[in-house]
Participant: 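Before I ask anything, here is the structure I am working with.
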Amino acid sequence: GYRVSLQGNFFGRNHTYVTFPEYNPRKHIKLDPPLNIQSNVTASKCHIWWSVPWYLVEILQYELQYKEYSMSWEIALNKTPSSSLPQVEIEAAELRSGIAYIARVRCKVSENEDSYHSQWSEWSQTTVFQRAGVPELSEKILNTRTMQLLFIPLSFGTLLYLFWNFKLSSRYCCFLTSGQKASPALTFPRQLLSFSHSIICTVGILR
């Protein structure tokens, strides 16, 4: 260790003050902040990483702060990586869609390290990231497909029901003579074709 003293001249006399009788530099370290902080956002998470000197990687711990870009750092959220690797992941569920976020990180010697002790470094430069917004169109497409899935089976079921009734009624159908009124049984095919055309047009609109 070292002995740190302060000397000064006060009122024409020299004085020596001992400030640290036993000073160990290893226990009083302040590191430089991490460098090159970067981010990458996917559909499921945001991956943030940075750089530190290679010989310090295994003995450092980190603290990440992130917040909405327009908010104050005083209400920022903190995240501590679970390992000594210079990276952290933020789940997409923790981020609001379409909102820009900003993050920064700082470091110090790990509490598990006995040989060295340090205070937190200054905060690093920042990185800006944004979770992609979910377009409203996808919800409309989902609703349209749901309508199709419900409408098509119902339409075919109705067709089968009408067709079955037509077969039953055709057993009692008589041939028409001139001047007679058209039988409902013979006009049914036209109704059936018209109904089928309406179904096809409706399905086409839903698509």
Side-chain angles (χ1 to χ4, degrees), residues 1-8 16-146 149:
Y2 297 85
R3 180 180 181 181
V4 179
S5 61
L6 175 65
Q7 294 182 347
T16 301
Y17 300 92
V18 178
T19 52
F20 295 100
E22 182 98 23
Y23 178 77
N24 189 346
R26 290 171 174 257
K27 302 296 184 180
H28 301 274
I29 298 173
K30 185 172 182 179
L31 299 168
D32 292 329
L35 301 174
N36 304 322
I37 182 170
Q38 301 179 61
S39 58
N40 181 51
V41 181
T42 64
S44 60
K45 61 189 175 183
C46 174
H47 183 208
I48 301 176
W49 67 97
W50 52 88
S51 300
V52 293
W54 63 268
Y55 50 85
L56 296 176
V57 169
E58 295 184 356
I59 65 171
L60 295 184
Q61 68 181 67
Y62 308 95
E63 182 179 41
L64 179 91
Q65 275 192 341
Y66 69 98
K67 66 179 183 70
E68 293 184 16
Y69 192 88
S70 59
M71 297 297 183
S72 169
W73 283 112
E74 295 179 355
I75 59 173
L77 300 174
N78 295 334
K79 201 169 189 67
T80 302
S82 56
S83 69
S84 62
L85 295 177
Q87 62 182 15
V88 70
E89 292 181 349
I90 303 175
E91 296 298 327
E94 302 178 44
L95 306 174
R96 296 171 58 192
S97 299
I99 300 296
Y101 285 82
I102 185 170
R104 62 185 184 179
V105 65
R106 62 181 180 176
C107 65
K108 72 173 184 177
V109 175
S110 172
E111 300 290 347
N112 299 324
E113 181 63 39
D114 297 329
S115 301
Y116 301 92
H117 182 75
S118 74
Q119 57 182 301
W120 284 110
S121 71
E122 299 296 330
W123 290 104
S124 70
Q125 297 295 315
T126 58
T127 181
V128 178
F129 56 93
Q130 179 175 327
R131 178 188 173 190
V134 180
E136 296 181 359
L137 181 61
S138 62
E139 297 181 2
K140 295 181 180 180
I141 294 175
L142 180 61
N143 292 335
T144 301
R145 290 179 178 176
T146 302
L149 292 176

Participant: State, yes or no, whether a side-chain contact exists between Arg96 and Glu68 at a heavy-atom distance under 4.5 Å.
Facilitator: yes
Participant: Is any side-chain heavy atom of Gln61 closer than 4.5 Å to one of Glu111?
Facilitator: yes
Participant: Check whether any side-chain heavy atom of Ile102 sits under 4.5 Å from a side-chain heavy atom of Thr127, and report yes or no.
Facilitator: no
Participant: Counting N and O atoms only, with roles assigned by atom type, does the side chain of Lys67 sit under 3.5 Å from a partner on the main chain of Tyr69, one being a donor and the other an acceptor?
Facilitator: yes
Participant: Just how far is it from atom NE2 of His28 to atom CD of Gln119, taken to the nearest 0.5 Å?
Facilitator: 10.0 Å
Participant: If I compare all heavy atoms of Ala103 with all of Ile37, which pair ends up nearest, and what's the gap?
Facilitator: O-CD1, 4.1 Å
Participant: Salt bridge check: are Lys45 and Glu89 linked by an N-O gap of less than 4.0 Å?
Facilitator: yes
Participant: Please confirm whether the backbone N or O of Cys107 pairs with a side-chain atom of Ser121, one donor and one acceptor, at under 3.5 Å?
Facilitator: yes
Participant: Which atom names give the shortest non-hydrogen contact between Ile48 and Ser39, and what distance separates them?
Facilitator: CG1-CB, 3.9 Å
Participant: Step through the shown structure and confirm whether more than 12 heavy atoms of other residues, nucleotides or ligands are within 6.0 Å of CD on Glu122.
Facilitator: no
Participant: Keeping the roles fixed (side chain from Ser124, backbone from Val105), state whether a donor-acceptor pair exists under 3.5 Å.
Facilitator: yes
Participant: Return the minimal non-hydrogen interatomic distance between Ile59 and Glu113, and the atom names on each side.
Facilitator: CG2-OE1, 3.5 Å
Participant: Compare all side-chain heavy atoms of Leu31 with those of Leu60 and state whether any distance is below 4.5 angstrom.
Facilitator: yes
Participant: Is there a side-chain contact between Asn40 and Trp49, using heavy atoms and a 4.5 Å cut-off?
Facilitator: yes
Participant: Please set out all donor-acceptor pairs under 3.5 angstrom arising from side-chain atoms of residues 76-86, sequence neighbours excluded.
Facilitator:
from, atom 1, to, atom 2, distance (Å)
Asn78, OD1, Gln65, NE2, 3.2
Ser83, OG, Leu85, N, 3.4

Participant: Taking all non-hydrogen atoms of both residues into account, name the closest pair between Leu64 and Trp50 and its distance.
Facilitator: CD1-CZ3, 4.4 Å
Participant: Would you call Tyr62 and Arg106 a side-chain contact if the rule is heavy atoms closer than 4.5 Å?
Facilitator: no
Participant: I need the minimum non-hydrogen distance between Leu95 and Arg131, along with the two atoms involved.
Facilitator: O-NH1, 2.9 Å
Participant: Quick one: does Thr126's side chain get under 4.5 Å of Trp73's, heavy atoms only?
Facilitator: yes
Participant: Do the side chains of Ile29 and Tyr116 get nearer than 4.5 Å, heavy atoms only?
Facilitator: yes
Participant: Please walk me through it: do Trp123 and Glu63 pass side-chain contact (heavy atoms from CB on, under 4.5 Å)?
Facilitator: CA-CA 9 Å; Trp123 290 104; Glu63 182 179 41; 3.9 Å; yes
Participant: What closest approach, in Å, do Asn36 and Ser51 show between heavy atoms, and which atom pair accounts for it?
Facilitator: ND2-OG, 3.8 Å
Participant: Classify the ring geometry of Tyr101 against Tyr66: parallel below 30°, tilted from 30° to 60°, perpendicular beyond 60°.
Facilitator: tilted
Participant: If you count the non-hydrogen atoms of other residues, nucleotides and ligands that lie under 6.0 Å from CD in Gln87, is the total more than 12?
Facilitator: yes
